[in-house]
**Q** 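Quick one: the structure is below, and I'll ask about it shortly.
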Amino acid sequence: MKRRRFTLVRRPRGTPVAADFALVEEEVPPLAEGEFLVANRFASLDPAIRGWLDDAPSYMPPVPLGEAVRASTVGEVVTSRNPAFPVGQWVVGLNAIETHSVARGDGFTSPVDPGLVPSPTAFLSTLGAVGMTAWFGVERVLMPVHGQTLLVSAAAGAVGSLVGQLGRLRGCRTIGIAGGEAKCRRLVERYGYDAAIDHRGRDADAIAAAIRAAAPDGVDLVFENVGGACLDGALMTLRDGARIALCGLISEYNAPAPVGARNLWQLIVRKATMRGFLVSEWLAEWPEGIAAMAALLAEGKLVADEHIDRGLDQAFPAFMRLFEGGNDGKMILEIV
Ligand SMILES: NC(=O)c1ccc[n+]([C@@H]2O[C@H](COP(=O)([O-])OP(=O)(O)OC[C@H]3O[C@@H](n4cnc5c(N)ncnc54)[C@H](OP(=O)(O)O)[C@@H]3O)[C@@H](O)[C@H]2O)c1
């Protein structure tokens with residue numbers, strides 16, 4: 001049996017180009033005892049994948065050259081030598097951008113029931129790592145108090161759109177930063193942000209000025225997804241005792257060298273805290289977070305958008321949308 005795979009040919013230098021990857025067809029290897037074969041239906045395209053393409057120290061080993069690019073997928077077991085994952089079982093797990101993945105059922109792999117959700121893509125978005133990043137980032141890192149002002153960057157994106165809504169439900173005043181007029185309108189009209197700031201064409205000083213205009217008394221909480229000018233601008237607008245949840249630095253992922261924050265001294269001036277986190281920190285508590293997000297969805301209190309591109313041959317342009325701001329919601333690839 002053959003499978004098609006989106007493989008890494010060479011490590012990108014700065015911004016990835018199409019020639020860094022290849023679409024290959026190869027024979028599915030025979031299954032060892034304990035393994036099963038997943039026919040992937042959808043793959044989650046995440047900014048984190050960019051880091052896994054580099055040969056640099058991280059929380060996961062780099063994707064080996066010649067191998068399929070690592071990604072979370074959801075799909076159905078089609079052959080099995082593992083009784084815990086029989087044929088017909090749907091699973092979500094950390095696999096790769098490929099039509100079929102050989103899995104063992106360890107690590108992040110878990111069985112899911114697509115009958116419980118409108119689309120199995122939910123397990124890659126609100127009820128998956130993205131939703132858990134928003135939930136635990138808000139609940140465990142920011143711990144908002146009613147009446148506080150929360151600033152979110154990449155606020156119209158998968159994580160950011162959920163963070164803004166969770167913050168609002170906790171009684172925060174929410175300010176979102178996004179790229180372009182249309183996304184800024186979405187922030188207010190669709191995700192309930194109280195104010196929206198367009199980062200395009202603005203340096204850190206201009207972003208700080210825009211935040212101050214929206215929050216003259218400063219911000220108590222920052223959910224940082226972008227870094228660069230967004231973070232530097234936010235640092236200039238902190239209130240005393242402010243908390244920053246450092247979730248991601250997407251503006252730096254394609255930079256040839258780390259950019260870094262220039263206004264860190266504001267953490268001292270404001271007696272503020274910046275806490276980096278990985279969503280996997282709370283893996284044991286994900287069922288609790290998933291139940292909470294599922295309840296909010298069922299009650300109609302949460303809007304969750306997905307941006308689905310179709311076809312393995314679209315993997316590269318779909319992935320690059322994340323860095324160009326071309327995605328409206330969770331970026332997902334339908335594997336066909
Ligand atoms: N710590 C964790 O465990 C964890 C887990 C998941 C995700 N994350 C992080 O969370 C962040 C958001 O991820 P996501 O999956 O929700 O992606 P996303 O927000 O849906 O998509 C990425 C968005 O980032 C914005 N962006 C890209 N380059 C930018 C730049 N140079 N300056 C300003 N904005 C830029 C774009 O939005 P605009 O059009 O608005 O510019 C783009 O749509 C990423 O940094 C990711 O690494 C962290």
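Worth saying up front: this structure is predicted, and the values here are computed from it rather than measured. Counting starts at 1 for both ligands and their atoms, in listed order.
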**Q** Is it the case that atom CZ in Arg275 sees more than 12 heavy atoms from other parts of the structure closer than 6.0 Å?
**A**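 Result for CZ/Arg275: enclosed.
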**Q** Any idea which protein heavy atom is nearest atom 22 (C) of ligand 1, and the distance to it?
**A**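 That would be Leu322 O, 3.4 Å.
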**Q** Who's the nearest protein heavy-atom neighbour of atom 6 (C) of ligand 1, and how far?
**A**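 Checked against all protein heavy atoms, atom 6 (C) of ligand 1 sits closest to Thr133 OG1, 3.5 Å.
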**Q** Taking distance alone, with N or O pairs closer than 3.5 Å, would you say Cys230 contacts ligand 1?
**A**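 No - when backbone and side-chain N and O of Cys230 are compared with those of ligand 1, no distance drops under 3.5 Å.
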**Q** Answer side chain, backbone, both or neither: which part of Lys330 comes under 4.0 Å from ligand 1, heavy atoms only.
**A**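 No part of Lys330 is near ligand 1 at this cut-off.
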**Q** Test of understanding: given a 4.0 Å heavy-atom threshold, classify the contact between Tyr253 and ligand 1 as side chain, backbone, both, or neither.
**A**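 Within the 4.0 Å criterion, Tyr253 contacts ligand 1 through side-chain atoms alone.
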**Q** For atom 44 (C) of ligand 1, which candidate among Leu246, Asn225, Val141 provides the closest heavy atom?
**A**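 Minimum heavy-atom distance to atom 44 (C) of ligand 1 goes to Asn225.
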**Q** Please confirm whether Lys183 comes within less than 3.5 Å of ligand 1 when only nitrogen or oxygen atoms on both sides are compared.
**A**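 Checking ligand 1 against Lys183, an N or O pair does fall under 3.5 Å apart.
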**Q** Record the part of Ile177 in heavy-atom contact with ligand 1 below 4.0 Å; permitted values are side chain, backbone, both and neither.
**A**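 No part of Ile177 comes within reach of ligand 1.
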**Q** Report the nearest protein non-hydrogen atom to atom 15 (O) of ligand 1: residue, atom name, distance rounded to 0.1 Å.
**A**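 Result for atom 15 (O) of ligand 1: Pro47 CD, 3.3 Å.
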**Q** Can a salt bridge be assigned to the pair Glu181 and Arg200 using a cut-off of 4.0 Å between side-chain N and carboxylate O?
**A**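 So Glu181 does not pair with Arg200 through a salt bridge.
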**Q** Please list the nearest protein heavy atom to atom 7 (C) of ligand 1 with its residue and the distance rounded to 0.1 Å.
**A**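 Answer, as residue, atom name and distance: Val159 CG2, 4.0 Å.
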**Q** Check each heavy atom of Val226 against ligand 1 and say whether those closer than 4.0 Å belong to the side chain, the backbone, both or neither.
**A**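 Under 4.0 Å from ligand 1, Val226 contributes side-chain atoms alone.
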**Q** Are any of the side-chain heavy atoms of Glu67 and Pro62 separated by less than 4.5 Å?
**A**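 No - every pair of side-chain heavy atoms lies 4.5 Å or more apart.
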**Q** For ligand 1, which atoms, with element, lie under 4.0 Å from some heavy atom of Gly157?
**A**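 Ligand 1 atoms under the 4.0 Å threshold to Gly157: 18 (P), 19 (O), 20 (O).
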**Q** Where do Phe277 and Phe223 come nearest, in terms of heavy atoms and distance?
**A**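 Shortest heavy-atom separation between Phe277 and Phe223 comes out as CZ-CZ, 3.8 Å.
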**Q** Please write down residue, atom name and distance for the protein heavy atom closest to atom 38 (P) of ligand 1.
**A**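 Result: Gly179 N, 3.5 Å.
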**Q** Go through it in stages, so that I can follow the logic: the residues are Leu127 and Met293, the test is side-chain contact (heavy atoms from CB on, under 4.5 Å), and I'd like the CA-CA distance, side-chain angles, deciding distance and then a yes or no.
**A** CA-CA 7 Å; Leu127 307 183; Met293 292 298 268; 4.1 Å; yes
**Q** Using heavy atoms and a 4.0 Å limit, tell me yes or no: is Met331 in contact with ligand 1?
**A**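 Under 4.0 Å: no for Met331.
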**Q** Ala178 heavy atoms, cut-off 4.0 Å: which ligand 1 atoms fall inside?
**A**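 Going through ligand 1 atom by atom, the ones under 4.0 Å from Ala178 are 40 (O).
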**Q** Counting from 1, what ligand 1 atoms have a heavy atom of Leu249 closer than 4.0 Å?
**A**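 Going through ligand 1 atom by atom, the ones under 4.0 Å from Leu249 are 45 (O).
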**Q** Please test Thr79 against His100 for side-chain contact (heavy atoms from CB on, under 4.5 Å), starting from the C-alpha separation and ending with a verdict.
**A** CA-CA 10 Å; Thr79 318; His100 296 80; over 6 Å; no
**Q** A quick test of your reading: do over 12 heavy atoms of other residues, nucleotides or ligands sit less than 6.0 Å from CZ of Arg310?
**A**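 For Arg310, atom CZ is not crowded (no more than 12 foreign heavy atoms under 6.0 Å).
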**Q** Heavy-atom contacts under 4.0 Å between Ala158 and ligand 1: side chain, backbone, both, or neither?
**A**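 Within the 4.0 Å criterion, Ala158 contacts ligand 1 through backbone and side-chain atoms alike.
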**Q** Can you report which non-hydrogen protein atom sits closest to atom 28 (N) of ligand 1, along with the distance?
**A**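 So the nearest neighbour among protein heavy atoms is Phe323 O, 3.7 Å.
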**Q** Considering Gly326, Gly248, Cys247 one by one, which has a heavy atom nearer to atom 8 (N) of ligand 1 than any of the others?
**A**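 Heavy atom nearest to atom 8 (N) of ligand 1 belongs to Cys247.
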**Q** Within a strict 4.5 Å, meaning less than it, do heavy atoms of the Arg212 and Met236 side chains meet?
**A**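 They are in side-chain contact.
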**Q** Determine whether Glu98 and Asn40 make a side-chain contact, defined as any pair of heavy atoms from C-beta on separated by less than 4.5 Å.
**A**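 The answer is yes; the side chains approach within 4.5 Å.
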**Q** Using heavy-atom distances, let me know which of His199, His307, Glu306 sits nearest atom 41 (O) of ligand 1.
**A**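 Minimum heavy-atom distance to atom 41 (O) of ligand 1 goes to His199.
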**Q** Report yes if Asn327 has an N/O atom closer than 3.5 Å to an N/O atom of ligand 1; otherwise report no.
**A**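 Yes: some nitrogen or oxygen of Asn327 is under 3.5 Å from one in ligand 1.
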**Q** Looking only at distance, does Val279 have an N or O less than 3.5 Å from an N or O of ligand 1?
**A**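 Between Val279 and ligand 1 (N or O atoms, distance only) the closest approach is under 3.5 Å.
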**Q** Answer yes or no: does atom CD of Glu26 have more than 12 heavy-atom neighbours from other residues, nucleotides or ligands under 6.0 Å?
**A**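 Enclosed.
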**Q** Suppose we measure from atom 1 (N) of ligand 1 to each protein heavy atom; which comes out shortest, and what is that distance?
**A**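 Checking every protein heavy atom, the shortest distance to atom 1 (N) of ligand 1 gives Phe277 O, 2.8 Å.
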**Q** Does any part of the side chain of Phe323, heavy atoms only, come nearer than 4.5 Å to the side chain of Ile250, both counted from C-beta?
**A**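 The answer is yes; the side chains approach within 4.5 Å.
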**Q** Looking only at non-hydrogen atoms, which of Ser44, Gly325, Ser251 approaches atom 36 (C) of ligand 1 most closely?
**A**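 Of the listed residues, Gly325 has the closest heavy atom.
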**Q** Salt-bridged, Asp46 to Lys330, with N to O below 4.0 Å?
**A**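 Between Lys330 and Asp46 there is a salt bridge, with a charged N closer than 4.0 Å to a carboxylate O.
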**Q** Kindly identify the option in Ile207, Ile250, Val259 whose heavy atom sits closest to atom 24 (O) of ligand 1.
**A**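 When every heavy atom of Ile207, Ile250, Val259 is considered, Ile250 comes closest to atom 24 (O) of ligand 1.
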**Q** Would you say that Ile97 contacts Val69 through its side chain, given a criterion of any heavy-atom pair below 4.5 Å between the two side chains?
**A**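 Ile97 reaches Val69 side chain to side chain.
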**Q** Could you pull out the closest heavy-atom pair between Thr73 and Asn95, with the gap in Å?
**A**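 Closest approach of Thr73 to Asn95, heavy atoms only: OG1-ND2, 3.0 Å.
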**Q** Taking atom CZ of Arg262 as the centre, report whether more than 12 heavy atoms of other residues, nucleotides or ligands fall under 6.0 Å from it.
**A**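 Not more than 12 within 6.0 Å, no.
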